[in-house]
Amino acid sequence: MLKIKSIANSLEQWAPPSLALSYDNCGLLVGDPNQTIDKALVTLDVTEAVVQEAIEQQANLIIAHHPVIFKGLRSIRPTTDNQRAVILAIKHDIAIYAIHTNLDRVDDGVNKALADQLNLTNRSILEEASNLYKLITFVPTKDLPAVRNALFAIGAGGIGNYEKASFISSGFGSFQGNSSSSPSIGKAGEFKEVEEEKLEVLLTDTLLPSALNTLNENHPYEEIAYDVLSLQNKNKNHGSGMIGELSEALSSDDFIQYLKKHLGIQLVRHSQPIKNKIKRVAICGGAGFDLLKNAKQKGADAFLTADLKYHDFFEADDSLLLCDIGHYESEHWVIQEIKDFLTRNFANFDLLSTTVNTNPVHYSISIKDGKGKKD
Ligand SMILES: [Zn+2]
């Protein structure tokens with residue numbers, strides 16, 4: 001029988017919680033990790049209607065992008081939709097798991113789902129997370145294969161499309177333990193020189209704790225000499241936003257039409273059209289205005305995000321088209337992405353996407369000032 005913790009472990013290998021932003025509240029929000037799961041419902045938001053759907057569908061786990069408990073709950077009373085959702089879930093023994101900014105910050109998460117809809121190619125992360133470390137340790141020559149293989153087994157030494165990358169240099173280590181020591185080579189109080197290998201491997205911050213545990217478990221010495229260096233190198237697979245290219249350059253007007261067609265939306269709020277054609281497109285699902293500077297630095301012709309304010313549009317200038325496509329509209333694609341991921345990893349697991357449109361924003365459009373265009 002499948003337990004919540006198996007699903008959570010799998011999701012967290014995809015989008016490690018350590019990637020989540022500090023204000024976030026992702027992970028298991030309601031329920032017991034040892035609870036057995038019959039069926040799961042995937043959604044962007046947890047609303048009362050979504051929990052009701054889970055009850056009807058007999059799904060006892062809801063996997064959501066947005067955390068239903070976010071800023072904390074001082075009481076759980078049926079006064080707001082999110083509180084009613086939590087009450088209903090608990091009453092029906094339905095667990096709720098959130099995979100939020102951690103899924104925003106992997107290269108195959110929220111922004112990949114949006115980039116797929118827009119058919120963007122030559123993709124890269126818009127703002128790379130600079131969380132790379134180098135682990136350097138000194139191992140007796142005969143123990144090198146065991147230590148290095150153990151580190152490789154947990155994913156240390158990964159660089160882009162390469163794994164098991166390391167550097168070895170040979171030398172001599174020396175030590176002399178005091179009377180309380182019990183050295184694995186020589187005796188307490190004896191000065192020793194040992195042929196050692198200096199082993200260097202690259203790590204992401206998410207791997208650092210398990211790499212140090214692995215080193216402890218596999219290195220023969222009582223006191224292990226090692227250095228952990230924080231690097232300036234960027235981690236190209238983790239970070240915020242994404243940038244890619246359209247197959248052909250489009251005018252601002254044609255680009256807006258392209259967005260409407262590919263994203264199935266009626267409304268795009270955007271800055272003034274630009275003279276140059278649009279080829280390089282930066283995106284950030286959800287509220288991503290802070291990444292405008294990165295979009296400009298990376299030569300984007302357009303930046304697509306959500307939750308923009310009036311003054312934000314003035315920052316676009318005439319070299320970039322800034323577009324607000326709506327928060328829900330930019331992110332709901334990830335529902336299928338989560339479903340696909342779990343289907344690949346748990347062949348016989350019953351998964352549903354919500355049929356509830358949880359977008360809290362409704363549109364009522366009538367253009368009066370002449371700035372809008374009718375399709
Ligand atoms: Zn969001």
Side-chain angles (χ1 to χ4, degrees), residues 11-12 14-17 19-30 41-51 62-73 80-82 85-86 96-118 120 125-127 129 238-243 259 262-265 267-269 281-292 294-295 303-309 312 322-341 353-354 356-363:
L11 290 170
E12 288 170 12
W14 178 25
L19 288 177
L21 297 174
S22 56
Y23 60 77
D24 204 2
N25 188 36
C26 41
L28 186 62
L29 304 182
V30 174
L41 180 68
V42 186
T43 180
L44 195 67
D45 306 284
V46 181
T47 62
E48 196 180 8
V50 169
V51 180
I62 295 173
I63 300 168
H65 179 51
H66 293 138
V68 66
I69 301 172
F70 191 55
K71 292 175 184 158
L73 294 177
T80 60
D81 188 87
N82 66 335
V86 170
I96 300 175
Y97 184 91
I99 179 165
H100 190 212
T101 54
N102 45 336
L103 193 56
D104 289 331
R105 288 164 61 76
V106 291
D107 64 356
D108 53 355
V110 173
N111 292 306
K112 184 235 176 213
L114 181 56
D116 283 352
Q117 290 305 312
L118 297 170
L120 298 184
I125 296 280
L126 194 53
E127 184 189 53
H238 295 152
S240 301
M242 194 170 273
I243 184 164
L259 296 181
H262 284 78
L263 301 176
I265 55 178
L267 179 75
V268 178
R269 295 164 70 229
V281 178
I283 58 171
C284 181
F289 177 70
D290 290 349
L291 296 178
L292 177 62
N294 305 78
F303 179 39
L304 213 69
T305 186
D307 298 355
L308 297 178
K309 294 197 264 252
D312 296 342
L322 179 61
C323 301
D324 184 336
I325 58 168
H327 196 123
Y328 179 86
E329 291 81 355
S330 69
E331 291 193 327
H332 71 90
W333 310 104
V334 81
I335 295 172
Q336 189 63 38
E337 203 69 35
I338 295 171
K339 215 175 143 210
D340 289 349
F341 173 82
S353 305
T354 184
V356 179
N357 180 338
T358 60
N359 192 355
V361 181
H362 295 250
Y363 301 100

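No experiment lies behind these values; they were computed from the predicted model shown. Keep in mind that the numbers below use all heavy atoms, side chains included, and drop hydrogens, waters and symmetry copies. Just follow the structure's listing: the first ligand is 1, and inside any ligand the first atom is 1.
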- Message: If I consider every N, O or S atom in E331, which one ends up closest to the Zn ion (ligand 1)? I only need its name.
- Response: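 For E331, the N/O/S atom sitting closest to the Zn ion (ligand 1) is OE1.
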
- Task: Just give me the atom name: the N, O or S atom of H66 closest to the Zn ion (ligand 1).
- Result: NE2

- Task: Check whether any N, O or S atom of H65 sits under 2.8 Å from the Zn ion (ligand 1).
- Result: no

- Query: Looking only at side chains, do N102 and E12 share a donor and an acceptor under 3.5 Å apart?
  - Reply: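 Not at all, the side chains of N102 and E12 share no donor-acceptor pair under 3.5 Å.
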
- Message: I need the minimum non-hydrogen distance between H65 and H100, along with the two atoms involved.
- Response: O-CB, 3.2 Å

- Query: For T47 and D45, what are the C-alpha separation, side-chain angles and deciding distance, and is it a side chain to side chain donor-acceptor pair (under 3.5 Å)?
  - Reply: CA-CA 6 Å; T47 62; D45 306 284; over 6 Å; no

- For the residue pair Y23 and F70, does the interplanar ring angle fall in the parallel (under 30°), tilted (30 to 60°) or perpendicular (over 60°) class? perpendicular

